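Working notes, structure below.
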Amino acid sequence: MSKTKKELRWALIGASDIAKTRMINAINSQPNSRVAAVFSSNADRATAYAADNKIPKAFDNLKTLLDDPEIDVVYISTTNDLHRDQALAAASAGKHILCEKPLALSLDDAQQMLKAAQAANVVLGTNHHLRNAVTHRTLRKLIKEGVIGKPLAARVFHAVYLPPRLQGWRLSRPEAGGGVILDITVHDADTLRFVLDSEVEDILARSATQGLASSGMDDAVMGVMYFRGGVLAQFHDAFTVKHAPTGLEVHGTEGSLFAVDVMTQDPVGRVVLRRDNEETEIKLDPPEDLYVHSVRHFNQAVLTGTQPFATGVDGLRSLAIALAAVESAKSGRRTPVQEQLAAREVH
Ligand code: NDP
C-alpha cells in the first residue's frame, strides 16, 4: 500500500464486545481511518453486527475479506486461540494488523506472527490499551526524570468484577485462552514494563478459583514479578472483586508515586507524589481516550513508518510474562521469563 494514501480502511476480525464498545468509535474518530468491514464466523451475526454498528460490509469468510483490496488494516479481537491463524492469514494477504492481547497462546505462535508480519512488511501492533493512558505515560516520564530516585518496588491493584455480559469463554474455555492471567495479568505485565522501562527476569504466582470460573480455571491471582536490577512488583488480578478501586504504585529511594483508578478502560484516574509525609497531586495533560490514542499511533505507524504504541514485540514480551505466571501458578515455583526470551533471541 502506498504511504501517501490518506485514509486507512479497517476490517474487524471478530464481531466482539471490545470492538463494539471501544474500537469502532476509536477507528472512526480518526480523520485518516474508518471501519469498512466486519468478519464473523456466523453469517447472521456478521450481518446483524454490521447493521447495528453501521459497518458497510459483512463477511463470514475470512479469505474473501482478506482478498478485498479496499482493506488496509485488520483489527483482530476474536477469542485468543484464533489470533495466530487470523494474523498469519492477514499478513500473507498484505494487511497491517492490530491484534488484541494476548497475542497468542504460546511463544512459538506469537513469534510466528511477528516473523510473518516482518516477512510481509506489514505493521503488527498489540492493543495493550493501558500504556496509552495519560496517567501511565506520566508515571513513566516522572520515573525517567528521577522524581522518585531509584525504583525499588511496584504494586498493581487490578482485581475487578467481570461484567455479566463478559462472563462467557473467559470463565469456561481454557482452550480459547480463558482465565484471569491471560486476560488481566498480561495487561499488568505490559503496563509495568512500560512504566518502569525495564524487563521481568522471573515471576512467582499463586492463583485461585473463587466462584466465577469453571473448575480447573483461575479467576484470581496474586504474585510477584522480579524486574532486572531487583525491582519487585506485586500484582493482584481478579474477576471476582466487586468493591475495590484499581491502582498502581511505584516506590523509590526518593519518593513514592500513587496512581489511583488507573487500571481501567476509561481515561480517568489521578497521580499523587508522596515524599516524607507530603503529598503533591501531579497535574496531568488532558486525558485522551486510551483506544483512540492506540489507533492514532497505529495509523501513524502504517502511514509514516513509526512504531505502534505497543508493538508486536511488546505483545510477545507480555505474553511471555503471562505464560510464566500460568506455569508458576501450576508448579508453585519461580519461573524464568527473560531466559526464555533470550533463548528465542528476542531483544
Ligand atoms: P467477545 O466474547 O465479545 O467476542 C469474542 C468472539 O466471540 C467474537 O469474535 C465472536 O465470534 C464470538 N461471539 C461474540 N458474541 C457472540 C454471540 N452472541 N454468540 C456467539 N458467539 C459470539 O470477546 P471480547 O470482546 O470480550 O474479547 C475479544 C478479544 O479482545 C480477546 O482477545 C480479549 O482478550 C480482548 N480484549 C481486550 C481488551 C482491551 O482493552 N485491550 C478488553 C476486552 C477484550 P465471531 O467473530 O465469529 O462472531
Side-chain angles (χ1 to χ4, degrees), residues 11-27 35 37-53 55 58-62 65 74-87 89-90 97-105 109-110 113 125-133 136 158 160 162-191 194 237 239 246 262-268 289-295 297-298 308-310 314-315 318-319 322:
L12 309 178
I13 298 185
S16 69
D17 184 83
I18 185 66
K20 186 183 183 115
T21 53
R22 305 282 172 172
M23 289 296 287
I24 294 172
N25 166 64
I27 296 162
V35 178
V38 60
F39 160 80
S40 166
S41 58
N42 176 291
D44 290 343
R45 208 160 53 239
T47 313
Y49 193 95
D52 284 353
N53 297 288
I55 299 172
F59 294 86
D60 65 350
N61 182 302
L62 185 59
L65 177 147
V74 298
Y75 165 60
I76 300 177
S77 66
T78 46
T79 51
N80 305 328
D81 52 326
L82 302 176
H83 294 177
R84 182 200 60 180
D85 287 353
Q86 291 169 339
I97 305 160
L98 179 59
C99 187
E100 269 306 340
K101 41 51 65 171
L103 269 194
L105 296 185
D109 288 356
M113 292 161 70
T126 312
N127 204 30
H128 274 306
H129 64 295
L130 288 166
R131 63 162 65 200
N132 289 275
H136 295 299
H158 204 166
V160 296
L162 189 66
R165 73 174 198 285
L166 299 183
Q167 291 180 14
W169 58 271
R170 282 176 179 77
L171 301 173
S172 59
R173 294 189 55 215
E175 74 284 2
V180 73
I181 296 175
L182 286 180
D183 202 55
I184 301 186
T185 311
V186 73
H187 275 313
D188 299 353
D190 182 67
T191 310
F194 176 74
D237 304 326
F239 292 147
T246 67
V262 294
M263 305 306 284
T264 169
Q265 297 180 296
D266 295 315
V268 296
D289 180 290
L290 283 56
Y291 299 88
V292 169
H293 189 274
S294 168
V295 168
H297 281 260
F298 192 89
F309 209 63
D314 289 318
S318 62
L319 177 65

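Atom set for the values below is all heavy atoms of this structure, side chains included, hydrogens, waters and symmetry mates excluded. Remember, it's 1-based here, ligands and their atoms both numbered in the order they're listed. If you're wondering where the values come from, they're calculated on a predicted model, not measured in any experiment.
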Mind checking whether Asn127 and Lys101 have side chains closer than 4.5 Å, heavy atoms only? no
Below 4.0 angstrom, N of the basic side chain to O of the carboxylate: do Asp289 and Arg22 qualify? no
Just by modelled atom types, is the Ala15 backbone N or O under 3.5 Å from a matching donor or acceptor in the Arg45 side chain? no
When the ring centroid of His187 is compared with that of His129, is the distance short of 6.0 Å? yes
Sort out the contact shell of ligand 1: every protein residue with a heavy-atom distance below 4.0 Å, listed by chain and number. Gly14, Ala15, Ser16, Asp17, Ile18, Phe39, Ser40, Ser41, Arg45, Ser77, Thr78, Asn80, His83, Glu100, Lys101, Asn127, His129, Leu166, Trp169, Arg170, Asp183, His187, Gln265, Tyr291
Does Ile55 have any side chain to side chain contact (heavy atoms under 4.5 Å, CB included) partners at least two apart in sequence or in another chain, and if so, which? Leu12, Ile24, Val35, Val38, Tyr49, Ala50, Asn53
Report yes if the distance between the aromatic ring centroids of His136 and Phe194 is under 6.0 Å, otherwise no. no
